[in-house]
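Start at 1 with the first residue, then count along the sequence.
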Amino acid sequence: MLNDARNLLAGTVLEADVCIVGSGPAGLTIARELLGSGLTTIIVESGSLEPDDATQALAAGETTGDPFKALVETRARQFGGTANLWNTRWDPELIGFRGAPLDPLDFAARDWVPDSGWPFDREHLEPYYVRAHAAAEMGPYAYDAARWARADAAPLTLGGDSFETSVWLFGAQRTFVAHRRAELAAAPDTTILLNANVVELETTDDANRVTAAKIVCLPDKALSVRARTFVVATGGIENARLLLLSRRVNPAGLGNEHDVVGRYFMEHQQVRAGHLLPSNPSLFDRMALYDERHVDGAPVMGQLHLTDTAMRRERLLNTVAAFLPLHARFRRFRWDSANALSELASSLKRGRLPERPLATLVEIARGGDFIAARLARRLSDGRLFRYWGEDAPTFCSGFGWTSLPDKAARFGILDVIMHAEQAPHRDNRVTLSAARDALGLPLPRLHWQWRPLDVESANRTRRLLATELARAHIGRLDMGDHPVEPELISEGLHHHMGTTRMHRDPRHGVVDEQCSVHGVGNLFMAGCSVFPTGGYINPTLTIMALATRLADRLRQRSAAAAPAIATPS
């Protein structure tokens, strides 16, 4: 059932067995897995089914440290959560997120990565990955590159043991913003409560159980939800913020006795490794496995992946390298300028300026030639820059660029983009600001830096890649204007990880291995905020696997005991 909180009387108290705060992939996965369990579920969503400017403004925040995207641009307060922001540049019916399980080494405690190590290994999570993959409607659960190779799409033969070919599969945005909505709205035991902003988790006097989620509808109507079990699934920024805001008993915040809430924030980075100049133009005819294309009905893309052997030997963070074709004569594709232009357009659409208007305009101006070329192509209906894709020379026709004719004429080089892991660091963190939002709540403040370990790993990885590509006579990797410190293409990928990290010891983590907040018996966290480390791959498939595992846990708890709904002591 869909319900709009604004239509309820002020002071209304709703009750359920399970209250899930947030309707992104984590919350929706848990709710779906609980269908038919005998448990009643309320999903509390800040936004509505469509974007709303006033609600979205509640996603604002402050950033310090290295440049970082405006927080309001990196999260969506809307049913489906951040799935609404997924890149759907080709076909939103098909493409949403790139997926793969985390690697076995990502779960291990690595002595060269401080504070690494999960409470369990990849093998433990594997059955949940299989179930999550099916729920995401991603096709066969098969991440061995050989499964997707064809006579015209074979893995590159490399010159050493440092890299191997692996693949990404893709999940559709529609699965979360359409399929899950229809499925859950029709369920008799599930209520989706829209336009309901959770502002505090109320607890017993000793703070060892949550009693209610306090809700405020814009502008000021107050409601609440009481439940036996609470799951917070609002993303890496808001998960930490809600715990910090729930401070009536402990001024430091709920579950924050050891000052860990909000710490260890991580982001995935796209790093430009350089431009690959092929030794032979025929390389473009041998890159089909590394193109984004459909195979057996599944969207798939290959890349070169650091091996376990290389990561251990060279003490590197997990990284892959993807290949995107660039025009033979127009190579200056400015990601930063394109991103700045998009940010300006998005802000103006909302009737305001971006957070850093001068810096945004400077970035746009630096790529003025590229933006002008894009405009010329559009105005000429494709007659100028005719070998480009719709928007950019990098994404030549998007899916299936390797199927285009005259590739040697269209393309001259390959842009090599690394997707890089960031190591957890205690001082990358979310805290509360002195500034407040429209509900009177302190805004989140994110302090984030790309640290020396991250920079060194990315730099050594691309040099290792350059060596292997040259040794195999594939081509020369030109590092251009960034031979010493690699270039960050964008200010993060909206993957906000680590702020309520998992650890058996409450001195080092916010939740235990069951994603239960230490010391709070009926409160669980969901999403990539619980990741101790994040690997290199988009977190959605792992988010769903952990959510599936958590749903099983909630079923088991219900079967073992059925306590009354918590009431204040």
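Partners of T40 according to the side chain to side chain donor-acceptor pair (under 3.5 Å) rule, which considers only residues two or more places apart in sequence or in another chain, are D17. Looking at residues two or more places apart in sequence or on another chain, you find a salt bridge (Lys or Arg N to Asp or Glu O under 4.0 Å) between D437 and R241. Partners of F176 by ring pair (Phe, Tyr, Trp, His ring centres under 6.0 Å), not counting sequence neighbours, listed by chain and number: W86. Residues forming a side chain to side chain donor-acceptor pair (under 3.5 Å) with D103 (at least two apart in sequence, or on another chain): H305, N318.
E267 contributes no side-chain N or O that, together with a main-chain N or O of G492, makes up a donor-acceptor pair within less than 3.5 Å. The closest donor-acceptor contact from the side chain of N84 to the backbone of G81 lies under 3.5 Å. Judged by distance alone, the side chain of S224 and the main-chain N or O of A213 form no donor-acceptor pair under 3.5 Å. Remark: side-chain polar atoms of S116 are paired, donor with acceptor, to backbone N or O of V113 under 3.5 angstrom. With Q270 contributing its side chain and H419 its backbone, the two residues share no donor-acceptor pair below 3.5 Å. T29 places no side-chain N or O within donor-acceptor distance of the main-chain N or O of T548, the cut-off being under 3.5 Å. Under the 3.5 Å distance criterion, the side-chain polar atoms of T499 are matched with a main-chain donor or acceptor of G236. In this structure, the side chain of K214 does not engage the main chain of L201 through any donor-acceptor pair within 3.5 Å.
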Evaluate the criterion side-chain contact (heavy atoms from CB on, under 4.5 Å) for residue pair L254 and L523; output intermediate values, then yes/no.
CA-CA 10 Å; L254 190 58; L523 178 60; 3.6 Å; yes
Verdict with supporting geometry, W448 and D66, side-chain contact (heavy atoms from CB on, under 4.5 Å)
CA-CA 6 Å; W448 177 84; D66 288 343; 3.7 Å; yes
CA sep, side-chain torsions, deciding dist, call: V72, L58, side-chain contact (heavy atoms from CB on, under 4.5 Å):
CA-CA 8 Å; V72 73; L58 298 175; over 6 Å; no
Set out, in order, the CA-CA distance, both residues' side-chain angles and the distance that settles side-chain contact (heavy atoms from CB on, under 4.5 Å) for D53 and Q56, then state yes or no.
CA-CA 5 Å; D53 288 347; Q56 182 58 29; 5.6 Å; no
Derivation of the salt bridge (Lys or Arg N to Asp or Glu O under 4.0 Å) call for E238 and R77:
CA-CA 11 Å; E238 295 297 333; R77 287 204 172 209; 3.5 Å; yes
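I215 CD1 to L193 CG: the interatomic distance, rounded to the nearest 0.5 Å, is 5.5 Å. Between the OG atom in S457 and the CD atom in Q422 there is a gap of 11.0 Å [rounded to 0.5 Å]. To the nearest 0.5 angstrom, D4 atom CG is 12.5 Å from I192 atom CD1. Once rounded to the nearest 0.5 Å, the distance linking CZ of F230 with CZ of R209 reads 9.0 Å. Residue N195 holds its CG atom at 8.5 Å from CG of N7, rounded to the nearest 0.5 Å. From N239, atom CG reaches atom OG1 of T234 across 3.5 Å, with rounding to the nearest 0.5 Å.
The two residues A420 and V271 come nearest to each other via the heavy atoms CB-CG2, 4.2 Å. Here the closest non-hydrogen pair linking A185 and L2 is CB-CG, 3.9 Å. Shown here for V249 and T203, the closest heavy-atom pair between the two residues is CG2-OG1, 3.6 Å. Here the closest heavy-atom approach between residue I42 and residue A16 is recorded as CG1-CB, 3.6 Å. In terms of heavy-atom proximity, P442 sits nearest to L432 at CB-CB, 4.0 Å. The two atoms that bring T319 and M418 nearest to each other are CG2-CB, 3.8 Å, heavy atoms only.
Between R429 and V260 the shortest side-chain heavy-atom distance does not fall below 4.5 Å. For the pair M138/F97, a side-chain contact is recorded, criterion being any heavy-atom separation below 4.5 Å from C-beta on. Between T74 and L85 there is no side-chain heavy-atom pair separated by less than 4.5 Å. Counting only heavy atoms from C-beta outward, the side chains of L446 and L71 approach each other to under 4.5 Å. Looking at L453 and W112, their side chains never come closer than 4.5 Å, going by heavy atoms from C-beta outward. Between R272 and I417, the closest side-chain pair of non-hydrogen atoms falls below 4.5 Å. Between N256 and L243 the shortest side-chain heavy-atom distance does not fall below 4.5 Å. With a 4.5 Å cut-off on side-chain heavy atoms, H518 and E257 do not count as touching.
The pair D115-R426 does not count as a salt bridge, with every side-chain nitrogen at least 4.0 angstrom from each carboxylate oxygen. For the pair E200 and R247, the salt-bridge criterion is not met [side-chain N within less than 4.0 Å of a carboxylate O]. Taking 4.0 Å as the cut-off between side-chain N and carboxylate O, R226 and E15 count as a salt-bridged pair. Ion pairing of R263 with D427 is present here, as a side-chain N (NZ or NE/NH1/NH2) and a carboxylate O approach within less than 4.0 Å. Residues E45 and R180 are not paired through a salt bridge, judged by the lack of any N-O separation under 4.0 Å between the basic side chain and the carboxylate.
Using bins of under 30°, 30° to 60° and over 60° for the plane-to-plane angle, the ring pair F107/F120 lands in the tilted bin.
Using a 3.5 Å distance cut-off with no hydrogens or angles, the side chains of T211 and E202 do not pair a donor with an acceptor. Judged purely by distance below 3.5 Å, without hydrogens or angles, the side chains of T204 and N208 pair a donor atom with an acceptor atom. Donor-acceptor pairing under 3.5 Å is recorded for the side chains of S46 and N197.
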Would you give me the side-chain donor-acceptor pairs under 3.5 Å for residues 532-546, sequence neighbours excluded?
residue : atom : partner : partner atom : Å
T533    : OG1  : D106    : O            : 2.9
T533    : OG1  : W118    : NE1          : 3.1
T542    : OG1  : Y129    : OH           : 2.7

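For the side-chain contact (heavy atoms from CB on, under 4.5 Å) criterion with L223, the lone passing option out of L14, L8, V198 is L8.
Sorted by first and then second residue, the pairs that involve residues 487-508 and meet ring-ring contact (aromatic ring centres under 6.0 Å, His included), not counting sequence neighbours, are F265-H496, H268-H495, H503-H508.
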